[in-house]
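Here is the naming used below: chain letters follow the sequence lines, and residue numbers restart at 1 for every chain. Owing to the predicted nature of the structure, the values given are computational and were not obtained by experimental measurement.
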Amino acid sequence: MLEKRYQPKDIEKKWYDFWIEKEYFKAESKSSKPPFCIVIPPPNVTGSLHIGHALDMTLQDIMIRWKRMSGFNALWLPGTDHAGIATQNVVEKELKKNGIDRHTLGRKKFVEKVWEWKKLYGGTIINQLKSMGASCDWSRERFTLDEGLSVAVREVFVRLYEEGLIYRGEYLINWCPRCHTALSDLEVEHEDLRGKLYYFKYNYVDGKGHITVATTRPETYLGDTAVAVHPEDERYRDMIGKVVRLPIINRDIPIIADEFVDSSFGTGAVKVTPAHDPNDFEMGRRHDLPFINILTGDGKMSEEAGPYAGQDRFECRRNVLRDLGEKGHLEQDKDHDHAVGHCYRCKTIVEPYLSMQWFVKIKPLAEEAIRAVKDNRTKIIPSGWENSYFDWMENIRDWCISRQIWWGHRIPVWYCDDCEELIVSRETPAQCTCGSVHLSQDEDVLDTWFSSALWPFSTLGWPGETEDLATFYPTSVLITGFDILFFWVARMMMMGLKFRGTQPFDHVYIHALIRDAEGQKMSKSKGNVVDPLKMTDAYGTDAVRFTLAAYAAQGRDIKFSEERVEGYRHFLNKIWNVARFISMNLREGDEILTVRESDMLSLADKWILSRLSSVSMEVNRALDEYRFNDSASHLYQFIWHELCDWYVELIKPALYGDNESGKQTAVSTLVHVYEAALALLHPFMPFVTEEIWQQLPGTKDVESICIRKYPTAENGIENKEAEQKMAVVMDAITGIRSIRGELNISPSVELKALIRAHDSADLILNENVAYINTLARTKDIVIGKDIEPPRDAAADVKPAMEIFVPLKGLIDVEAEISRLTKDLKKTEDEIAFLEKKLKNENFVKKAPQAVVEENRAKHTEYIDKLGSIQSNIDKLKKMDTSQ
RNA sequence: GGGCGGAUAGCUCAGUUGGGAGAGCACAGCCCUUACAAGGCUGGGGUCACAGGUUCGAGCCCUGUUCCGCCUACCA
């Protein structure tokens, strides 16, 4: 006998260990089964599981378990990402606690430290994934800094370089003064801030007045090498070519004309700081202006800043404002909202910064990636994301891939100390072409996303032509959040197409982001983070997984609320109790019959088998279309409301009765349907389904529910006739219950009932009167075509019948009259609506015939109903007055 | 600046070719009926944001408006 309540904790670990031991999650390199492959979006190796991972992981696991059970050679390839900047920051912070700086430690020692850290904590998130039930093939686990993946990175770098798609140059890049590295455009988060626009007066050197420029970054004036105006701006036409003198530092700079300038902004004259602003950089090149770098790598003012050298950039800003103000150069300031770039890793304000970096020339790669989606080689789901994808790809700019940090793939480039030679090589070169052996490798590492862009094929063994690669590439679907659509998905598309010639995945399923119950983005600083492990502790992993699946409607963010998890824990308990019910009704040695379509099956049996057939189909179809929420709600509805609320109640008389074969058929059908329901549910709730399934009779020929064939429509037996008959029986039951409920008649009181049944319903109800007696708590029911309504009865009218419950001594007649009057009103409204519609010639003429017929039938039905209700009211009224 | 999405019951949300709107939770009434009170039965509750349009018919299609959210951008 099972425990009264489901206790998840011990059970989860037990079954996970069992699955691993049996190697169910291990895919075959070569197989006669069709392949199905998902590569995991590798979480940061230093990370720990948050609710977003939990969602991502749950959806992937549902897909992979479903496909595995459906007969696919299913591979879910797991791994972690070295997460360059993030990981380096974590370890640096840790070292700082002991007063150690990475520079005093040195590169080699520091990298060793990070590896130690990785060994210690790198398994955390992997273990958390396992605790959530992830059915990954752990024998294929990868890490982006693995030897194999590093070979792939070098191969790609060298080939792109050889094709001229990687180049080195001095450009303005985004620089994080705290992380001390370049960032790609994507790694900068723009945040709208309320700032000020300052207006500075620059005097003409000829002493005749001044020109006013506006800026949000006053300190950059130290790097100004020109003032630009629009060539056609009347106000400034005569000023072009004149020279102004920068205050305090007394640098003389020219006024130039450039089409770029927007005359309507500020004063129409713009200071040009080529080394510190992307637009100014371009102008600087066009006009051959000097590039003066006024900053150092850590965000302080350089020697070029003259009197401000050594100051922090923001301190310098304040000082510049003060000084220029005192000298009368600050004309005014205005409030000004503008977007300020922040480092996505440490939130420090980034600076446009001039430096030597490596870039990928990305347009040629992007073009192919656009085509692949346009040609439907890769389908993005929901398709709305395709627009974002195209938009980004079409406006893509070269990708800065070098990072000035130590943790990552070092750039495979060597410089000769004795000549100008630059060597790009797969292998570490021994000597230069000039014969020199004094080579030094480029100090920089590659952007982390460079290596993760290769993930779908590097993890399968590329550049080797492995069996895994042949079997599983292109992968079947990538499941991830939209937040890394550009960072990762887009780049995998480009690299996969470039180096494999085919798209990396057939489908990309983009899911929503999880927010808190108020719709706010979760963040540690806001303190509104939902810890999935706390949830699984409190409610069990299965309940959390089911909740996430039920929430995962396409194209909408998820507002996560704990109450919903609680609700699904109740569902779990419901499922659990069916197992208890079965075990209570099975006696030692009871045989479970194979359920076939036969005369032995009762109406209830046939009905539930038909429903099983239909729900199996629905669930498979919903999963096929990534409608996780639909599949979850179909299962919920079926198991709770059809299986538990109806079927289990319907068969109780058979189970408690004396008819042995009826008993056996009912139990067998129940076990059959329940077993299939568990299997349908297994991808969503792996643990509880396995626990129950293992104890269910008749499952011994398969070792685990993990490898049981996933149910399809054929697992049930479709029977529309049984469903129609059952609907009639249910109507009768619901009708009587409704009278009981609304008139507050206690469930313990057995009611008499009379049913005037139309045509076929007469036979159906008479055949199944036992169901009605049990579920509606009635006795002495009389059913017939010509039933005369009793004088003092409550009534309910259904399409196929009129139900009467004699009320003598049960309730007051007034209550029933008012109940019926309410129903009357409703029916009148219905009729009015239908008549209006049917009188409309255009409707009758233009609407499809079937729709018109349907409305006519309804109309007739309601007219009948109205008559019945009215006559009942009349009778009751007569009774009332005669009393 | 450009783009995308959302507004449906008190709350969270479904609604798949346009044919008078559903679920879960919450709420109310009755019930400790031997699987389950983490339960059962019954019931109340909606101008589908607003304004137009197309149509016999609009939650759904078109136009505009308001509010909210997100993405993107070299707005000095």
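Here H634(A) and F684(A) keep their ring centres 6.0 angstrom or further from each other. A centroid separation of less than 6.0 Å is found between the aromatic rings of Y344(A) and F487(A).
S633(A) comes within contact range of no nucleotide atom at all, as no heavy-atom separation falls under 4.0 Å.
The gap from the P atom of rC11(B) to that of rU16(B) amounts to 23 Å, rounded to the nearest Å. For the C1' atoms, the distance from rU63(B) to rU54(B) is 11 Å, rounded to whole Å. Rounded to whole Å, the separation between the C1' atoms of rC25(B) and rG20(B) comes to 27 Å. On the C1' atoms, rG44(B) is 13 Å away from rA26(B), given to the nearest whole Å. Nucleotides rC61(B) and rG6(B), compared at atom P, are 9 Å apart to the nearest Å. Across rC75(B) and rC62(B), the matching P atoms stand 32 Å from one another, rounded to whole Å.
Set against rA73(B), rU12(B), rC36(B), the side chain of R564(A) has rU12(B) as its closest nucleotide.
Comparing T216(A) and R627(A) along RNA chain B, the residue whose closest nucleotide (by nearest heavy atom) sits nearer the 5' end is R627(A). Toward the 5' end of RNA chain B, the nearer of the two residues K858(A) and R740(A), judged by each one's closest nucleotide, is K858(A).
Between the CE atom of M730(A) and the P atom of rU42(B) there is a distance of 11 Å, rounded to whole Å.
Phosphate proximity of rA76(B) to H276(A): absent, as no side-chain N or O sits under 4.0 Å from OP1 or OP2. A sub-4.0 Å separation between OP1 or OP2 of rC36(B) and a side-chain N or O of K652(A) is absent.
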Only distances under 3.5 Å count here; give the side-chain donor-acceptor pairs of residues 639-646 of chain A to other protein atoms, sequence neighbours excluded, each with its distance to 0.1 Å.
unit_1  : atom_1 : unit_2  : atom_2 : d
H641(A) : ND1    : D645(A) : OD2    : 2.9
E642(A) : OE1    : R611(A) : NE     : 3.1
E642(A) : OE1    : R611(A) : NH2    : 3.4
E642(A) : OE2    : R611(A) : NE     : 2.9

Please tabulate, for the side chains in residues 730-742 of chain A, all donor-acceptor contacts under 3.5 angstrom to protein atoms that are two or more places apart in sequence or on a different chain.
unit_1  : atom_1 : unit_2  : atom_2 : d
T734(A) : OG1    : M730(A) : O      : 2.6
R737(A) : NE     : L775(A) : O      : 3.1
R737(A) : NH2    : L775(A) : O      : 3.4
S738(A) : OG     : E742(A) : OE2    : 3.3
R740(A) : NH1    : S746(A) : O      : 2.8
R740(A) : NH1    : V749(A) : O      : 2.7
R740(A) : NH2    : V749(A) : O      : 3.2
R740(A) : NH2    : A776(A) : O      : 2.9
R740(A) : NH2    : R777(A) : O      : 2.9

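Residues passing the side-chain hydrogen bond (donor to acceptor under 3.5 Å, both in side chains) test with E191(A), sequence neighbours excluded: none.
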Legend entry - Secondary-structure notation, RNA chain B, from Watson-Crick and G-U pairs under 3.5 angstrom (| other strand): (((((((..((((.....[..)))).(((((.......))))).....(((((..]....))))))))))))....
Legend entry - Heavy-atom protein contacts under 4.0 Å, nucleotides 25-30 of chain B, coded B base, S sugar-phosphate only, - none: ----SS
Protein-nucleotides 53-58 of chain B N/O pairs closer than 3.5 Å?
unit_1  : atom_1 : unit_2  : atom_2 : d
rC56(B) : OP1    : K846(A) : NZ     : 2.1
rC56(B) : O2'    : N840(A) : ND2    : 2.8

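At a cut-off of 3.5 angstrom, counting only N and O atoms as typed in the model, there is no donor on one side facing an acceptor on the other between the side-chain of R217(A) and the base of rA76(B).
Ion pairing between R621(A) and E618(A) holds under the 4.0 Å rule for side-chain N and carboxylate O.
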